[in-house]
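Note sheet for the following structure.
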Protein chains: 2
Amino acid sequence: MVKMMNYSRQREVILNTLKEYVVHPTAESLYEKVREKDSKISLATLYRNLNQLVENGIIKKIDGFYDSAHFDHNTHEHYHFMCRNCKRVFDIPSNVAPDLIHKTEETTGFLIENHDIIFSGICKDCRNDMSN
Amino acid sequence: MVKMMNYSRQREVILNTLKEYVVHPTAESLYEKVREKDSKISLATLYRNLNQLVENGIIKKIDGFYDSAHFDHNTHEHYHFMCRNCKRVFDIPSNVAPDLIHKTEETTGFLIENHDIIFSGICKDCRNDMSN
DNA sequence: ATTTAAAATGAGAATTGTTATCACTTATGG
DNA sequence: CCATAAGTGATAACAATTCTCATTTTAAAT
């Protein structure tokens with residue numbers, strides 16, 4: 001029994017705005033963009049809808065970066081990298097860690113339900129800029 | 001030029017207490033244990049010292065679990081799992097993802113400085129308990 | 001040993017990201 | 001079109017963490 005979500009204009013704006021991102025914003029920076037399209041949407045509505053979209057598997061929440069959560073419209077298996085310099089959060093393809101779940105379950109006897117790999121360092125753009 | 005840390009009794013108590021853990025506590029639960037040994041240590045002192053120990057590479061901070069940070073006295077490369085049921089945070093050996101840094105740097109052109117894998121699910125003990 | 005400057009402390013206020021409350025509005029199915 | 005469940009905006013509340021500041025402790029140099 002999947003709990004029904006009613007339509008809401010605000011949720012649509014929020015999801016569409018998130019989909020415009022290639023990198024993955026915090027609630028705060030997403031809120032700025034959302035407000036450009038609908039200046040009445042409240043911050044509580046943003047958080048409520050982000051949580052709801054996460055619970056329904058439509059988007060993913062990325063925890064693990066030092067400050068606040070980031071949100072990702074890509075729900076395929078992949079991992080994340082934050083640049084220490086520009087603070088952008090990029091996708092990392094999942095083939096960098098083949099067979100990770102299976103190996104971990106074998107090794108530990110734990111049941112793995114969720115996982116993410118969180119990398120940080122310097123992205124390609126910033127490396128190039130630094131060497132100039 | 002490594003910044004010198006002066007000795008402090010409080011820091012010693014905090015580090016020693018952290019070392020008693022097999023699983024990895026939050027600041028809050030570590031604080032309870034620390035207060036049993038020295039009931040005068042302030043919460044600010046705990047946080048200040050944990051951050052300082054992290055900056056000096058003596059302990060590691062584990063972000064990425066839904067609520068608060070956990071702290072780990074084991075600085076060897078390894079990963080982390082939180083049980084959804086008992087909320088304990090366990091170590092996962094790093095050989096579940098061989099050559100992860102190298103492959104990721106190759107694939108992306110990014111410079112990787114830090115990384116962690118965050119798993120969640122049900123630990124072995126809780127699986128056993130559940131099947132009773 | 002005494003002095004001195006930097007480092008650390010305790011207590012509590014402040015800050016930040018996020019969630020809860022509540023009166024009101026909108027969506028949906030009969 | 002009515003009833004009811006779901007969603008909203010505004011703002012208060014919250015929890016984790018950091019900051020402030022007057023006082024104390026450490027280290028190292030006299």
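Owing to the predicted nature of the structure, the values given are computational and were not obtained by experimental measurement. Naming convention: chains lettered A, B, ... in sequence-line order (proteins, then strands); numbering from 1 in each chain.
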- Here the salt bridge (charged side-chain N to carboxylate O under 4.0 Å, His left out) pairs for residues 43-53 of chain A, sequence neighbours left out, are none
- Message: Strictly by salt bridge (charged side-chain N to carboxylate O under 4.0 Å, His left out), give each pair with a member in residues 10-36 of chain A just once, sequence neighbours left out.
- Response: A/Glu20-A/Lys37
- With sequence neighbours left out, what residues match B/Tyr47 under ring-ring contact (aromatic ring centres under 6.0 Å, His included)? none
- Query: Quick one: ring-ring contact (aromatic ring centres under 6.0 Å, His included) partners of A/Phe90, sequence neighbours excluded?
  - Reply: B/Phe110
What is the distance, rounded to the nearest whole Å, between atom [atom1] of [X] and atom [atom2] of [N]?
X       : N      : atom1 : atom2 : result
B/Arg9  : D/dT24 : CZ    : P     : 14 Å
A/Asp63 : D/dA15 : CG    : C1'   : 15 Å
B/Met5  : D/dT25 : CE    : C1'   : 16 Å
A/Glu55 : D/dG7  : CD    : C1'   : 14 Å
A/Ile41 : D/dT8  : CD1   : P     : 8 Å
A/Phe65 : C/dG17 : CZ    : P     : 16 Å
B/Glu28 : D/dT17 : CD    : C1'   : 12 Å

- Near DNA chain D, which residues from residues 11-22 of chain A have a heavy atom under 4.0 Å away? A/Arg11
- Message: Of the options C/dT18, D/dT17, C/dG10, whose atoms approach the side-chain atoms of A/Ala27 most closely?
- Response: C/dT18
- Task: Consider only side-chain N and O atoms of B/His24 and B/Asn74, and report whether a donor and an acceptor are under 3.5 Å apart.
- Result: no
- In short, the helix from C/dA1-D/dT30 to C/dG30-D/dC1 is bent end to end, axes from five pairs each side, to 10°, by 30°
- Item | B/Lys61: partners by side-chain contact (heavy atoms from CB on, under 4.5 Å), with sequence neighbours left out | B/Asn51, B/Val54, B/Asp63, B/Ala69, B/Phe71
- Who passes side-chain contact (heavy atoms from CB on, under 4.5 Å) against B/Asp38, sequence neighbours left out? B/Arg9, B/Lys40, B/Ile41
Counting just side-chain N and O atoms, does [X] come under 4.0 Å of either OP1 or OP2 of [N]?
X       : N      : value
B/Thr45 : C/dG10 : yes
A/Ser8  : C/dA27 : no
A/Gln10 : D/dG9  : yes

- Query: Which pairs pass side-chain hydrogen bond (donor to acceptor under 3.5 Å, both in side chains) with one or both residues in residues 102-116 of chain A, sequence neighbours excluded?
  - Reply: A/Tyr79-A/His115, A/His80-A/Asp116, A/Glu113-B/Arg84
- Task: Answer yes if A/Val23 and A/Phe65 sit in the same cluster of Ile, Leu, Val, Met, Phe, Trp and Tyr residues linked by side chain heavy atoms under 4.5 Å apart, and no otherwise.
- Result: no
- With clusters built from Ile, Leu, Val, Met, Phe, Trp and Tyr whose side-chain heavy atoms come within less than 4.5 Å, directly or transitively, what are the remaining members of the cluster of A/Tyr7, listed by chain and number? none
- Under the side-chain hydrogen bond (donor to acceptor under 3.5 Å, both in side chains) rule, collect the residues that match up with B/Asp125, sequence neighbours excluded. B/Arg88
Nucleotides 19-26 of chain C: which of its N/O atoms have a protein N/O under 3.5 Å away?
residue	atom	partner	partner atom	Å
C/dT19	OP2	A/Asn51	ND2	3.0

